[in-house]
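Basis for what follows: all heavy atoms, side chains included, without hydrogens, waters or symmetry-related copies. Atoms within a ligand are numbered from 1 in the order they appear, just like the ligands themselves.
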Amino acid sequence: MTNASKPTSPSATGHEVASGAKPAAKVGGIPRVNLPEDARLDTLAVREGLPATPWGENSEALFITSSFIHPDAATAARRFANEEEAFVYSRFSNPTVMMMERRLAALEGTEACIGTSSGMSAIMLLVMGLLKAGDHVVCSRSVFGSTIKLLQGEFGKFGVQTTFVSQTDLSEWKAALQPNTKLLFAETPTNPLTEVCDVAALAEIAHGHGALLAVDNCFASPALQRPAQMGADFIIHSGTKYLDGQGRVIAGAICGSAKHIDEVFTPVMRSVGMSLSPFNAWVVLKGMETLSVRMKAQTAGAAQLAEWLEAHPAIERVYYPGLKSHPQHELAMRQQGGQGGAVVSFIVKGASEDNGRAAAFHVIDHTRICSITANLGDTKTTITHPASTSHGRLTEAQRQAAGITQGLIRVAVGLEDIEDLKADLARGLNSL
Ligand SMILES: *Cc1c(COP(=O)(O)O)cnc(C)c1O
């Protein structure tokens with residue numbers, strides 16, 4: 001799972017690893033793809049992984065196996081004792097999963113990565129690995145709803161306390177620090193209001209306090225934003241979203257230092273088993289090959305749609321980091337490589353809380369192209385009413401505080417022709 005070690009000698013093509021019943025894995029390292037040291041992101045997105053098997057497959061192999069064979073009992077003993085790196089059991093080591101981990105680590109610019117069964121289980125693994133009863137977390141109150149439930153509800157039960165603060169007001173983060181604060185958790189941009197927090201500033205606050213910073217990078221993906229470069233210690237992913245990119249599988253990952261991945265998270269994975277299935281890892285692995293071109297195209301589409309919506313007479317407000325009207329526009333452009341991302345939210349005009357839901361439902365129900373689903377990151381554009389779906393478990397007061405009004409609609413722009421998407425939304429907007 002470690003991405004830190006240099007490529008082994010050119011002869012280490014990986015054939016040893018997959019040579020049937022007698023894999024002669026090397027002590028101290030599963031071989032690496034023999035890529036130039038200075039290979040760039042778009043190259044790594046397609047090429048990083050593991051060397052091919054002796055069959056010379058060009059597309060990465062899918063290793064559907066629970067366990068791996070050892071040449072003799074003594075080798076098995078060394079491998080179980082972690083004295084020799086090799087594949088042992090797919091709960092914590094599998095070649096297809098490792099290919100996905102190496103590729104994602106390369107894209108995020110971290111030493112290592114560990115794949116998990118979902119985005120939520122990545123956050124569970126993060127907290128289980130780093131914290132114990134009596135520790136404290138500071139987290140933005142605008143993060144993904146299930147993240148709030150997990151930290152407050154589940155981990156609260158086990159004695160890990162969380163204080164929720166403003167996404168954008170750094171003084172609230174500082175004021176929430178306690179002597180036992182070990183972790184700061186942020187997500188940027190957020191769902192569905194695309195609020196942007198300052199990752200570099202949060203890293204400074206965390207490190208000044210001897211704490212660590214984790215950033216959920218689902219919405220921007222490493223194609224637009226690389227939090228490790230801004231000082232984040234851990235990057236959380238839901239592979240379900242843009243990494244897969246076609247809405248097929250549930251998957252997750254933590255990216256971080258080799259030391260954390262190998263010594264903190266892998267042992268927890270080994271005993272807890274929130275493991276990523278090799279099939280899902282393979283789908284995400286192949287999805288990452290097109291991540292950069294998809295993000296460029298979907299972001300360009302979203303930017304056009306956001307401008308069109310902002311000019312539409314039936315729209316009260318548009319939330320999109322690429323628009324000048326966005327409160328953190330400049331920060332977003334700096335952090336996200338000058339791109340706003342592919343998610344646009346908007347409030348339908350005159351949608352008071354009484355008729356807001358009816359107006360939003362009217363627009364959603366008049367679409368014929370957009371998929372009515374709360375997922376995002378798909379090549380198919382999705383449309384959702386956050387107040388009754390993703391944020392439906394909140395009380396009305398919590399929703400109001402979070403700005404999730406009844407007239408709010410979120411669109412995650414896919415790869416359809418943008419003129420067709422405008423027409424799809426205009427149908428409802430023009431007949432309100
Ligand atoms: C979807 C999502 C998650 C959870 O990921 P799953 O793969 O659905 O478990 C976490 N964070 C954000 C920002 C998400 O959008």
| said: List ligand 1 atoms under 4.0 Å from E187, heavy atoms only on the residue side. | reply: 13 (C)
| field | Element-labelled atoms of ligand 1 that are located less than 4.0 Å from some non-hydrogen atom of A251 | value | 7 (O)
| Proximal atoms of ligand 1 relative to T240 (non-hydrogen, under 4.0 Å) | 6 (P), 7 (O)
| Flag for S142-E195: side-chain donor and acceptor within less than 3.5 Å | yes
| said: Please list the nearest protein heavy atom to atom 14 (C) of ligand 1 with its residue and the distance rounded to 0.1 Å. | reply: K241 NZ, 2.8 Å
Under 3.5 Å, sequence neighbours excluded: what are the donor-acceptor pairs made by side chains of residues 198-209?
residue	atom	partner	partner atom	Å
D198	OD1	A200	N	3.3
D198	OD1	A201	N	3.1
H207	ND1	A203	O	3.2
H207	NE2	D233	OD1	3.3
H207	NE2	D233	OD2	2.7
H209	NE2	Q178	O	2.6

| task | Might you work through the side-chain hydrogen bond (donor to acceptor under 3.5 Å, both in side chains) test for K241 and S221, ending with a clear yes or no? | result | CA-CA 9 Å; K241 311 294 167 52; S221 91; over 6 Å; no
| Do any nitrogen or oxygen atoms of G239 lie less than 3.5 angstrom from nitrogen or oxygen atoms of ligand 1? | no
| task | Determine, stepwise, if the pair E60 / T96 fulfils side-chain hydrogen bond (donor to acceptor under 3.5 Å, both in side chains). | result | CA-CA 8 Å; E60 292 79 354; T96 308; over 6 Å; no
| task | Classify the side-chain pair S59/K286 by whether it contains a donor and acceptor separated by less than 3.5 Å. | result | yes
| D244: partners by side chain to side chain contact (heavy atoms under 4.5 Å, CB included), with sequence neighbours left out | Q246, R248, V249, V283, V284
| task | Return yes or no for this condition: an N or O of C218 is under 3.5 Å from an N or O of ligand 1. | result | no
| Of the listed options (T116, V143, T190, D216), which comes nearest to atom 12 (C) of ligand 1 when hydrogens are ignored and any heavy atom counts? | D216
